[in-house]
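Beneath this line is the structure, given in structure tokens, with notes to follow.
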Number of protein chains: 2
Amino acid sequence: MTTRVPQENRRRRPTRSGVLLSQDLIVETALRLIGEHGPEALSVRRLGSALGCDPSALYRYFRNTDDLLLAVADRIIGDAMEGFTPGPDWVASLREMALRVRAGYLAHPRAAAMASYRVTRRENEFRAVETGVGLLLSAGFAPDRAVRLYLAFIDTVLSHAAMDAACLALPPQQREADQQAWTEVYQAADPETYPALSTARGELHAMAESSFEEAVDLLLAALAARAPGGQD
Amino acid sequence: MTTRVPQENRRRRPTRSGVLLSQDLIVETALRLIGEHGPEALSVRRLGSALGCDPSALYRYFRNTDDLLLAVADRIIGDAMEGFTPGPDWVASLREMALRVRAGYLAHPRAAAMASYRVTRRENEFRAVETGVGLLLSAGFAPDRAVRLYLAFIDTVLSHAAMDAACLALPPQQREADQQAWTEVYQAADPETYPALSTARGELHAMAESSFEEAVDLLLAALAARAPGGQD
DNA sequence: GGCTTATGTCAACACCGTTGACGCAAAGTG
DNA sequence: CACTTTGCGTCAACGGTGTTGACATAAGCC
């Protein structure tokens with residue numbers, strides 16, 4: 001963001017409680033708040049009191065709460081992708097990207113659920129898009145195909161990861177109840193009206209698990225099959 | 001629907017403005033509000049004034065806004081799947097299922113975005129799983145594979161649809177800002193640090209669109225390629 | 001040391017979901 | 001028809017939310 005106030009030259013005045021505010025400190029505190037007390041714990045007022053400052057002070061650093069949320073999202077992306085460098089195998093590299101993003105989301109389940117579908121427009125997202133599109137270009141796809149396919153890939157990864165994160169963010173009681181539904185409620189399905197469910201009865205337990213890797217691998221297989229360079 | 005408080009025997013008193021309240025009327029008004037005035041128009045207070053009653057009257061019909069939201073979600077699912085019967089072509093049938101789910105979500109974005117991660121365990125979900133697993137069984141997959149692959153498929157569809165709905169549910173200002181980011185902020189990327197972005201500069205506008213169909217088609221292609229019966 | 005001005009503070013506004021008390025009118029009973 | 005019960009709509013209030021504009025004050029520049 002070019003419009004952003006430079007962090008270094010800021011004329012920072014300590015707050016009432018002596019804390020020196022900064023975008024990084026605010027983002028970290030927000031992430032901590034969400035992680036500790038759930039997504040509903042994130043409000044300007046609570047964030048202010050957690051930082052020991054007036055809520056309105058945050059508006060000196062972020063245009064509004066949406067702006068703050070995008071900063072949090074970008075931070076998650078940055079943490080997830082830290083130290084990652086794409087290798088020569090573009091499929092394997094995209095796969096690792098996917099797993100990293102998912103791990104980053106699962107580390108902050110509640111924040112991830114809010115931010116998965118946003119465009120952060122910040123440096124970490126820039127780098128991730130650069131890396132992903134670059135990998136597809138290196139696979140021989142034309143630029144327009146590379147962009148379209150990267151979008152399909154990353155949207156699948158992000159939305160799937162968000163879904164997993166949302167499940168993880170559920171209260172344990174509710175999560176276990178949802179999982180048990182597949183081994184209990186669905187087992188009682190009437191064979192006449194639900195023949196397919198009956199046939200697959202012994203396998204329905206798999207419904208309780210995440211399909212993230214399966215879906216990513218299916219998608220990557222389809223991408224590999226369409227790569228100009230060959231079937232693999 | 002039928003398990004709720006019987007609508008018939010209710011001791012319904014006309015509101016101040018003469019309207020007779022009911023669960024159906026409330027749900028329909030909520031959907032209409034969202035459809036006419038955007039997703040952010042749905043609040044208990046606005047819903048109350050749209051119905052010509054005090055906001056608190058709604059709590060006679062729904063435990064809280066969450067309960068109301070689930071009722072709305074149930075209606076959306078029912079509407080989306082109404083009249084659908086799987087055909088002989090399992091790939092085409094799964095594709096139509098996907099498009100129907102998405103259309104249902106997009107028709108009522110905010111409700112869908114808020115309810116997408118819920119497991120209903122109700123009749124409509126039963127029927128959907130039965131249909132989907134049945135289609136994969138008919139394709140020749142063994143039951144365990146059919147279950148796993150259906151899960152990967154439906155999770156991709158649901159999470160993608162939820163993501164699209166969530167984007168649509170954003171306040172217009174934020175949504176447009178997110179979309180413009182690809183044609184403005186990302187255009188200014190430095191060619192030296194972001195060579196791939198530079199190469200694909202003219203195609204980045206595609207990032208603002210939905211990748212739903214592309215992702216579904218990629219996944220279905222991968223499924224078709226793995227079907228025991230052959231590529232089709 | 002004085003000036004400018006960025007920045008933290010404060011008070012206020014307009015919303016939000018939810019609740020409890022209250023009175024009225026509809027349903028049930030005879 | 002009259003009487004009682006009670007479901008329901010209304011009202012007022014509580015505590016929460018994001019955001020804004022006025023204001024003082026202290027940091028950094030000359």
Side-chain angles (χ1 to χ4, degrees), chain A residues 3-26 29-30 33-34 37-72 110 114, chain B residues 4-26 29-30 33-34 37-72 110-111 114-115 169-174 177:
Chain A
T3 61
R4 201 156 285 290
V5 180
Q7 288 289 300
E8 313 305 330
N9 303 348
R10 261 195 177 253
R11 179 191 292 189
R12 302 195 302 172
R13 183 171 19 156
T15 70
R16 177 182 29 179
S17 66
V19 182
L20 281 183
L21 294 179
S22 71
Q23 285 196 36
D24 281 345
L25 179 63
I26 294 172
T29 306
L33 261 187
I34 296 173
H37 304 104
E40 66 280 2
L42 185 57
S43 73
V44 179
R45 297 175 131 91
R46 258 194 272 252
L47 191 47
S49 70
L51 284 162
C53 70
D54 190 270
S56 62
L58 303 178
Y59 289 86
R60 303 286 181 196
Y61 294 85
F62 300 97
R63 239 172 284 114
N64 47 38
T65 50
D66 191 62
D67 194 27
L68 168 61
L69 186 66
L70 292 182
V72 170
R110 298 184 257 241
M114 297 190 293
Chain B
R4 298 218 159 270
V5 180
Q7 292 288 302
E8 314 305 330
N9 303 348
R10 263 194 176 251
R11 182 187 288 188
R12 302 194 301 171
R13 185 171 21 153
T15 70
R16 178 181 27 179
S17 66
V19 182
L20 281 182
L21 293 180
S22 72
Q23 286 196 36
D24 281 344
L25 179 62
I26 295 172
T29 306
L33 259 188
I34 297 173
H37 302 103
E40 69 280 3
L42 185 58
S43 75
V44 179
R45 296 177 129 90
R46 261 192 270 250
L47 189 49
S49 70
L51 284 161
C53 70
D54 190 90
S56 62
L58 303 179
Y59 290 87
R60 303 286 181 197
Y61 294 85
F62 300 97
R63 241 175 290 113
N64 47 39
T65 51
D66 203 59
D67 193 28
L68 166 61
L69 202 66
L70 289 183
V72 170
R110 183 173 192 194
M114 297 176 78
L170 284 175
Q173 214 174 6
Q174 293 173 19

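Throughout, protein chains are lettered first and strands after them, A, B, ... in sequence-line order, and every chain is numbered starting at 1. Model, not experiment: these values are computed from the prediction.
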Contacts under 3.5 angstrom, residues 45-53 of chain A side chains, donor-acceptor by atom type, not counting sequence neighbours:
| unit_1 | atom_1 | unit_2 | atom_2 | d |
| --- | --- | --- | --- | --- |
| R46(A) | NE | A41(A) | O | 3.1 |
| R46(A) | NH2 | E40(A) | O | 3.2 |
| S49(A) | OG | R46(A) | O | 3.0 |

Rounded to whole angstrom units, what separation is found between the CG atom of D67(A) and the C1' atom of dG18(D)? 14 Å
To the nearest angstrom, the CG-P distance between N64(A) and dG21(D) comes to 14 Å
From CD1 of I26(B) across to C1' of dC8(D) the rounded distance in Å is 12 Å
Measure from CG on D66(A) to C1' on dT19(D) and round the result to the nearest Å. 14 Å
Calculate the interatomic distance between F62(A) atom CZ and dG18(D) atom C1'; express it in whole Å. 16 Å
Checking N64(A) now: which residues fulfil side-chain hydrogen bond (donor to acceptor under 3.5 Å, both in side chains) with it, not counting sequence neighbours? none
side-chain hydrogen bond (donor to acceptor under 3.5 Å, both in side chains) against T29(B), all qualifying residues, sequence neighbours excluded: none
For the atom pair CG (L42(A)) and CG (L69(A)), what is the distance rounded to the nearest 0.5 Å? 7.5 Å
Rounded to whole Å, please give me the gap between CG in L21(A) and P in dA6(C). 17 Å
Between atom CG of L21(A) and atom CG of L58(A), what is the distance when rounded to the nearest 0.5 Å? 7.0 Å
Under-3.5 Å N/O pairs linking protein and nucleotides 13-16 of chain C:
| unit_1 | atom_1 | unit_2 | atom_2 | d |
| --- | --- | --- | --- | --- |
| dC16(C) | OP1 | S43(B) | OG | 3.0 |
| dC16(C) | OP1 | R46(B) | NH2 | 3.4 |

How many Å lie between CZ on R60(B) and C1' on dA21(C), as a whole number? 11 Å
Measure the distance from CD on Q23(A) to C1' on dA6(C) and round it to the nearest whole Å. 15 Å
From I26(A), V44(A), L70(A), residue fulfilling side chain to side chain contact (heavy atoms under 4.5 Å, CB included) relative to F62(A): I26(A)
Near DNA chain C, under 4.0 Å by heavy atom, which residues of residues 47-59 of chain A? C53(A), D54(A), S56(A), A57(A)
Suppose the criterion is side-chain hydrogen bond (donor to acceptor under 3.5 Å, both in side chains): which pairs have a residue in residues 50-59 of chain B, not counting sequence neighbours? D54(B)-S56(B)
